[in-house]
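Down below is the structure, laid out as structure tokens.
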Amino acid sequence: MSEQVKHDSAVLVHFTLKLEDGSTAESTRANGKPALFRLGDSSLSDALENELLGLKVGDKHAFTLAPESAFGSKSPDLVQYFSRRDFQETGIPDAGTIMLFTTRDGSEMPGVVRDVTEDSITVDFNHPLAGQHIDFDIDVLEIDPQREEKHANTVS
């Protein structure tokens with residue numbers, strides 16, 4: 001078991017994400033189910049991984065990430081306009097509806113319906129937290145001992 005978070009660690013944490021206005025965007029504490037982050041697997045931003053490096057079990061760490069280091073900046077290229085005909089099968093959604101859309105490669109991507117007019121429907125595919133400064137509050141519960149032992153065995 002590693003004593004501190006390293007570049008290839010798996011880390012079990014409780015976290016709360018807050019927006020600039022103080023509202024909570026997400027929290028594992030609310031449902032009592034911690035999250036497992038795996039550093040080095042490209043699921044976390046480099047800035048977030050850097051904040052976790054060196055932490056130990058029991059550490060509490062609070063920090064703020066700028067939009068480009070958290071969920072990215074809002075991109076106008078990710079706002080798409082659809083014809084109302086494109087929604088014949090599903091029905092015309094209301095503004096604010098989150099829907100899954102199938103991409104050309106067959107994967108699914110969530111989009112938020114931003115505007116519905118007589119001519120078109122505007123869908124935003126940006127991450128819902130894109131463009132926002134995010135306050136992180138993290139408690140390190142465990143550094144995955146099995147992953148660390150497995151890694152130690154392959155190195156030696």
### Message
Phe63: which residues meet the ring pair (Phe, Tyr, Trp, His ring centres under 6.0 Å) condition with it, sequence neighbours left out?
### Response
His61, Phe136
### Residues that, via side-chain heavy atoms closer than 4.5 angstrom, fall in one hydrophobic cluster with Val112
Ile98
### Task
Output the rest of the hydrophobic cluster of Val79: all Ile, Leu, Val, Met, Phe, Trp and Tyr residues reachable through side-chain heavy-atom contacts under 4.5 Å, sorted by chain and number.
Tyr81
### Message
Among residues at least two apart in sequence or on other chains, which ones pass side chain to side chain donor-acceptor pair (under 3.5 Å) with Thr16?
### Response
Ser27, Arg29
#### Entry: Any residue meeting side chain to side chain donor-acceptor pair (under 3.5 Å) with Ser45, in chain and number order, not counting sequence neighbours
none
### Query
Does a donor on one side chain sit under 3.5 Å from an acceptor on the other, for Ser23 and Asp21?
yes
### Message
I'd like to know if the side chain of Asn126 reaches the main chain of Ser75, judged simply by a donor and an acceptor atom lying under 3.5 Å from each other, with no hydrogens or angles considered.
### Response
yes
### Summary
The ring pair (Phe, Tyr, Trp, His ring centres under 6.0 Å) partners of His127 (sequence neighbours excluded) come to Phe71
### Message
Distance check, rounded to the nearest 0.5 Å: Asp137 atom CG versus Thr24 atom OG1?
### Response
9.5 Å
### Message
Does anything in residues 64-74 form a salt bridge (Lys or Arg N to Asp or Glu O under 4.0 Å)? List the pairs, not counting sequence neighbours.
### Response
Lys74-Asp124
### Query
Are Val57 and Leu39 connected in the hydrophobic side-chain network, where two residues link if heavy atoms are under 4.5 Å apart?
yes
### Task
With sequence neighbours excluded, tell me which residues meet side chain to side chain donor-acceptor pair (under 3.5 Å) with Thr97.
none
### Short side-chain to backbone donor-acceptor contact, Glu49 and Gly40, under 3.5 Å
yes
#### Entry: Asp46: partners by side chain to side chain donor-acceptor pair (under 3.5 Å), with sequence neighbours left out
none
### Residues that Ser69 engages under side-chain contact (heavy atoms from CB on, under 4.5 Å), provided they are two or more places apart
Ala47, Leu65
### Task
Any salt bridge (Lys or Arg N to Asp or Glu O under 4.0 Å) involving residues 78-105? Give me the pairs, sequence neighbours left out, ordered by first then second residue.
none
### Query
With sequence neighbours left out, which residue pairs that include part of residues 26-45 fulfil the ring-ring contact (aromatic ring centres under 6.0 Å, His included) condition?
Phe15-Phe37
